[in-house]
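For reference, the structure discussed in these notes is given below.
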Amino acid sequence: MSKMNVGILIFDDVEVLDFAGPFEVFSRTRTVPGGESRRSDEHAPFTVFTVAKTAAPVATTGGLQVTPHYGFADAPQIDLVLVPGGFGTRALSDDQATLDW
């Protein structure tokens, strides 16, 4: 089975639930029903990872430090990009590196 790469953008002041909730949903989805299928990634249709401008830790709202899996420069090809909402997105609208990516 070919897996779809789901890249979740994280950035300073990202809302935790806005990226962690979708991460949980995509990472736990299986094509075979039942709890046993969740014990491995064999039936997982998605490879899910976080991406940020760099691989340095990101400070979320509330101060949680999250280390992205990849920076823009080394992220694998992404089939589906998820951009979380929240207050932190306001700075992204003026961030040329993020917009270019």
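Atom set for the values below is all heavy atoms of this structure, side chains included, hydrogens, waters and symmetry mates excluded.
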On a heavy-atom basis, the closest approach of Ile10 and Ala52 is O-CB, 3.4 Å
Residues Ile8 and Pro84: closest non-hydrogen pair is CG2-CG, 4.3 Å
Taking every heavy atom of Ala56 against every heavy atom of Pro68, the minimum-distance pair comes out as O-CD, 3.2 Å
| Verify same cluster id: Phe11, Leu17 (apolar side-chain graph, 4.5 Å) | no
Output for pair (Asp13 CG, Arg90 CZ), nearest 0.5 Å, gives 10.5 Å
Check your understanding: Hey, does the side chain of Asp12 reach the backbone of Val58 with a donor-acceptor pair shorter than 3.5 angstrom?
Key -> no
Is there a path of hydrophobic side-chain contacts, each under 4.5 Å between heavy atoms, that joins Met4 and Val51? yes
- Message: Please determine whether side chain to side chain contact (heavy atoms under 4.5 Å, CB included) holds for the pair Phe19 and Leu9, giving the CA-CA distance in whole Å, both sets of side-chain angles, and the decisive distance to 0.1 Å.
- Response: CA-CA 8 Å; Phe19 79 86; Leu9 179 66; over 6 Å; no
Hits for side chain to side chain donor-acceptor pair (under 3.5 Å) against Thr98, two or more places apart or cross-chain, chain-then-number order -> Asp95
Those residues at least two apart in sequence (or on a different chain) that pass side chain to side chain donor-acceptor pair (under 3.5 Å) with Asp94 are none
Over 60° means perpendicular and under 30° means parallel, so classify the ring planes of His69 and Phe23, tilted if in between.
parallel
With Ser27 as partner, the option from Val48, Thr47, Val6, Asp41 fulfilling side-chain contact (heavy atoms from CB on, under 4.5 Å) is Val48
- Using atom types as modelled and distance alone, determine if a side-chain donor or acceptor of Arg30 lies under 3.5 Å from a backbone N or O of His43. no
For Glu15 and Thr61 the tightest heavy-atom approach is OE1-OG1, 3.4 Å
- Query: Under a 4.5 Å cut-off applied to non-hydrogen side-chain atoms, are Thr50 and Tyr70 in contact?
  - Reply: no
Arg38 side chain to Gly34 backbone, donor-acceptor under 3.5 Å: yes
Here the pair of heavy atoms bringing Lys3 nearest to Ala44 is CE-O, 3.0 Å
Item checked: Donor-acceptor contact present, side-chain Thr67 to main-chain Pro57, <3.5 Å -> no
* **Thr29 (side chain) donor-acceptor with Val25 (main chain) under 3.5 angstrom** => yes
Determine whether a donor-acceptor pair (N or O, by modelled atom type, separation under 3.5 Å) exists between the side chain of Asn5 and the backbone of Asp79. no
Minimal heavy-atom distance between Val16 and Leu64, with the atoms involved, is CG2-CD2, 4.0 Å
Do Ile78 and Pro76 make a side-chain contact, defined as non-hydrogen atoms from C-beta onward lying under 4.5 Å apart?
no
* Asked: Phe26 vs Phe46 aromatic rings, parallel, tilted or perpendicular, using cut-offs 30° and 60°?
  -> perpendicular
Apply side chain to side chain contact (heavy atoms under 4.5 Å, CB included) to the pair Phe72 and Asp100, showing each step before the final yes or no.
CA-CA 10 Å; Phe72 291 166; Asp100 289 345; over 6 Å; no
